[in-house]
Protein chains: 2
Amino acid sequence: MPTPHHGQPRYRFIADELRERIESGVIPPGTLLPAESVLTAEFRAARGTVRKAIAALREEGLAVTEHGRGTYAKAHTYNHADQPERRQQKILADTHLAALFEVEVGTALVERVTVIRRGEQVEKVIRTYWPGPTDL
Amino acid sequence: MPTPHHGQPRYRFIADELRERIESGVIPPGTLLPAESVLTAEFRAARGTVRKAIAALREEGLAVTEHGRGTYAKAHTYNHADQPERRQQKILADTHLAALFEVEVGTALVERVTVIRRGEQVEKVIRTYWPGPTDL
DNA sequence: AGAAATTTGTCCGTATGTATC
DNA sequence: AGATACATACGGACAAATTTC
């Protein structure tokens, strides 16, 4: 069976299936996913396809893979209790920012740094820049 | 000749070559790149290898691909006003980011730059960072 | 309107080498 | 030494979107 299948690409189907198992607890947080070789057998998919599925899970933050070890399921916390931290300061435009804002290098700008955490881990860092400072 | 390891992988060599053609204007912005089939012939590489090179250009924001059409060269200028522009690329952690994410300096991160305009003026620049990349 | 050709997207199978545990 | 994942590359096949005839 060549398995073309409905609409969806195969790697996405596999990703959906694995996501389901992680979120449902079939694969508990912190435990290893089945090895790529096992998944290729189970889904009768090529390795490249399985890897693409796993890559999708990594991007979603649902899995972390370690070289030579395997891919771990990660706890999926819907916990938004973590308040983002913000810090705002005056900075001077570097070449990149100067080009974007069409100002001279060294022109004063405002930078706000927001750090978003998921538990202990820093998930994202957002740096926002705008002309200024508007002196607060 | 198959492919020795001249320091750099084949797909990167191809990407470098194409990048130079775009930036130098040999392939002007808005025009189509040669089809994958043409590139496989020119570089005597497998299609997957060519596609990987093109994918690299896409991540740099140098090209846009449309199904059934082809891959267009993109202007590399920031001076094109319309929607919020986003560019995503792999970067290496500087000391500040390394400290926040608690990783080594030089660790690979993903940076997305979003430019928000109001008319001609750049209003805000948002740089978002997160761990990765999960490659491809 | 329809068929054919072109082009990218996805998938398969295989192979070789490296790095990590 | 063995198992695992990672990176790269090849070839072939069909699907899906677009263009051309």
Side-chain angles (χ1 to χ4, degrees), chain A residues 1-18 27 30-59 62-74, chain B residues 1-18 22 27 30-59 62-74 90 92 103-104 106-110 131-136:
Chain A
M1 31 157 73
T3 7
H5 260 0
H6 8 293
Q8 200 175 213
R10 191 122 177 77
Y11 73 90
R12 208 165 302 173
F13 171 82
I14 297 173
D16 290 345
E17 176 62 30
L18 292 176
I27 301 175
T31 67
L32 279 171
L33 269 64
E36 290 180 356
S37 56
V38 175
L39 294 175
T40 59
E42 172 179 347
F43 291 103
R44 282 195 230 99
R47 229 181 115 203
T49 306
V50 168
R51 284 171 58 73
K52 216 169 170 184
I54 293 176
L57 296 181
R58 273 199 301 269
E59 279 183 22
L62 267 171
V64 180
T65 111
E66 289 180 21
H67 201 161
R69 275 287 259 264
T71 299
Y72 293 90
K74 252 179 77 174
Chain B
M1 281 310 146
T3 308
H5 42 289
H6 276 334
Q8 99 186 320
R10 203 152 170 66
Y11 76 90
R12 209 167 301 172
F13 171 83
I14 297 173
D16 290 346
E17 177 64 30
L18 293 177
I22 294 174
I27 301 176
T31 67
L32 282 171
L33 268 65
E36 292 174 356
S37 56
V38 175
L39 294 176
T40 58
E42 174 181 345
F43 292 102
R44 282 193 229 98
R47 207 183 142 207
T49 307
V50 168
R51 285 174 60 74
K52 207 165 178 190
I54 293 175
L57 297 181
R58 272 199 303 269
E59 280 183 21
L62 266 171
V64 181
T65 302
E66 292 181 22
H67 194 166
R69 276 229 185 82
T71 299
Y72 292 92
K74 245 180 83 174
K90 181 172 107 174
L92 302 179
V103 297
E104 307 260 330
T107 300
L109 299 174
V110 180
T134 38
D135 125 76
L136 209 171

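None of the values given here were measured: they were computed from a predicted structure. In what follows, chains carry the letters A, B, and so on, assigned in the order in which the sequence lines appear, proteins first and then strands, with residues in each chain numbered from 1.
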What N/O pairs connect the protein and nucleotides 12-14 of chain D at under 3.5 Å? Give each pair on its own line.
from, atom 1, to, atom 2, distance (Å)
D/dA13, N6, B/R47, NH1, 3.4

With sequence neighbours left out, the residues meeting side-chain hydrogen bond (donor to acceptor under 3.5 Å, both in side chains) with A/Y72 are A/R69
What are the atom names and distances for every N/O pair under 3.5 Å that joins the protein to nucleotides 19-21 of chain D?
from, atom 1, to, atom 2, distance (Å)
D/dT19, OP1, B/R69, NE, 2.4
D/dT19, OP1, B/R69, NH2, 3.2

When you measure from the side chain of B/Y11, which nucleotide among D/dA17, C/dC12, D/dA9 comes out closest?
-> D/dA9
Mind calculating the distance between CZ (A/F43) and C1' (C/dC12) to the nearest angstrom?
-> 17 Å
Closest non-hydrogen atoms of B/I27 and B/P34, given as atom of the first, atom of the second and distance, are CD1-CD, 4.2 Å
Rounded distance in Å - CD1 (B/I14) to C1' (D/dA7) = 15 Å
Spacing between B/L33 atom CG and C/dT7 atom C1', to the nearest angstrom | 13 Å
Quick one: which of C/dT10, C/dG9, C/dT7 gets closest to the side chain of A/P9?
-> C/dT10
Using a cut-off of 4.0 Å on non-hydrogen atoms, how would the nucleic acid contact of B/G48 be classed: base, sugar-phosphate, or nothing?
-> nothing
With B/A35, which residues qualify under side chain to side chain contact (heavy atoms under 4.5 Å, CB included), at least two apart?
-> B/S37, B/V38
Would you tell me if any nitrogen or oxygen in the side chain of B/T49 comes within less than 4.0 Å of OP1 or OP2 on D/dC10?
-> yes
When every non-hydrogen atom of A/V50 is compared with those of A/A45, the smallest separation belongs to CG2-CB, 4.2 Å
Going through the checks in order, is the side chain to side chain contact (heavy atoms under 4.5 Å, CB included) test met by B/I14 and B/L39?
-> CA-CA 9 Å; B/I14 297 173; B/L39 294 176; 5.8 Å; no
Those residues that, when tested against A/R12, pass side-chain hydrogen bond (donor to acceptor under 3.5 Å, both in side chains) (two or more places apart) | none
Distance, rounded to the nearest Å, where B/E36 contributes CD and C/dA5 contributes P | 20 Å
Measure across B/T49 and B/R10 and return the closest heavy-atom pair with its distance rounded to 0.1 Å.
-> CG2-CB, 4.2 Å
How long is the gap from CD1 on A/I54 to CZ on A/R47, to the nearest 0.5 Å?
-> 9.5 Å
What is the distance, rounded to the nearest whole Å, between atom CZ of A/R44 and atom P of C/dC12?
-> 11 Å
If you take all heavy atoms of B/L109 and B/P131, which pair is closest and at what distance?
-> CD2-CA, 3.8 Å
Kindly write out the residues that satisfy side-chain hydrogen bond (donor to acceptor under 3.5 Å, both in side chains) with B/T65, not counting sequence neighbours, or none if the list is empty.
-> B/R58, B/T71
Among the nucleotides D/dC6, D/dC10, C/dT8, which one has an atom lying closest to any side-chain atom of B/R51?
-> C/dT8
Within the structure, does a side-chain N or O atom of B/K52 lie under 4.0 Å from either OP1 or OP2 of D/dA9?
-> no
Which one, D/dC10, D/dA5, C/dT10, comes nearest to the side chain of B/A45?
-> D/dC10
Measure the distance from NE2 on B/H67 to P on C/dT6 and round it to the nearest whole Å.
-> 16 Å
Can you check the B/Q8 CD to C/dG17 C1' distance for me, whole Å?
-> 18 Å
Whole-Å gap separating P (D/dA3) and CG (A/L32) | 17 Å
